[in-house]
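Predicted, not measured: the structure shown is a model, and the values here were computed from it.
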Amino acid sequence: MPSTRKTVISVVSLVAAGSLFGAAGAATADAATPAPSGTPTGDGAAALCKRAPKIDRRIDRILTRLRADASQRGSIARLEQRVANAKSAGHTQIETYLNDRLTARRSLVPTLETRQKDLADVEKWCGAHDNGRTN
């Protein structure tokens, strides 16, 4: 019987020591672990300053297309014409579908205009702050 008691005490002691060292090791590992790669460490100003001209050209291109006449694919006028054609042909479901797309496309214009204005402010800021490298 005495050997069994010693074995139990030894096992309990080892488990207790292991849990203490394991917890301390995990705490140490958490403190030393850098932030995950998906976690941002800054605001990305330098990257945004670098991409701002491309973004501006892209917004210009999209607004030009949306404001074009009915001969331009992707324009609001062309989609309006398609809605009118569906209505005159009596294709109610097609008209409803295209009308919903037209509503979404029309809502893009003010959103893109706002982004364009905000981007102009960003480009001014970038010019004054060495393209985001300085505060």
May I have the list of side-chain donor-acceptor pairs in residues 78-85 shorter than 3.5 Å, sequence neighbours left out?
| from | atom 1 | to | atom 2 | distance (Å) |
| --- | --- | --- | --- | --- |
| Arg78 | NH1 | Ser71 | O | 3.4 |
| Glu80 | OE2 | Arg106 | NH2 | 2.6 |
| Gln81 | NE2 | Asn85 | OD1 | 2.9 |
| Asn85 | ND2 | Gln81 | O | 3.4 |

Gap separating the CD atom of Gln116 from the OG1 atom of Thr111, nearest 0.5 angstrom: 12.5 Å
Which residues share a salt bridge (charged side-chain N to carboxylate O under 4.0 Å, His left out) with Asp130, sequence neighbours left out: Arg133
Smallest separation among heavy atoms of Ala70 and Ser75, with atom names: CA-OG, 4.2 Å
Spacing of His129 atom NE2 and Lys124 atom NZ [to the nearest 0.5 Å]: 14.0 Å
Salt bridge (charged side-chain N to carboxylate O under 4.0 Å, His left out) against Arg65, all qualifying residues, sequence neighbours excluded: none
Straight-line distance of Asp69 CG to Ile76 CD1, nearest 0.5 Å: 12.5 Å
Give every donor-acceptor pair under 3.5 Å between a side-chain atom in residues 96-105 and any protein atom, sequence neighbours left out.
| from | atom 1 | to | atom 2 | distance (Å) |
| --- | --- | --- | --- | --- |
| Thr96 | OG1 | Thr92 | O | 2.9 |
| Thr103 | OG1 | Asn99 | O | 3.0 |
| Arg105 | NH1 | Gly74 | O | 3.4 |

Spacing of Ile59 atom CD1 and Leu108 atom CG [to the nearest 0.5 Å]: 11.5 Å
Pairwise disulfide (SG to SG under 2.5 Å) hits with a residue in residues 60-106, at least two apart: none
Residue list, side chain to side chain donor-acceptor pair (under 3.5 Å) with Glu113, at least two apart or on another chain: Arg67
Donor-acceptor pairs under 3.5 Å, side chain of residues 44-55 to any protein atom, not counting sequence neighbours: which ones?
none

Where Pro110 and Ser107 come nearest, the two heavy atoms and their spacing: CD-O, 3.4 Å
Distance, nearest 0.5 Å, that separates CG of Asp121 from CD of Glu123: 9.5 Å
Reported CZ-to-OG1 distance for the pair Arg57 and Thr64, which is rounded to 0.5 angstrom: 13.5 Å
Disulfide (SG to SG under 2.5 Å) contacts touching residues 70-111 (sequence neighbours left out): none
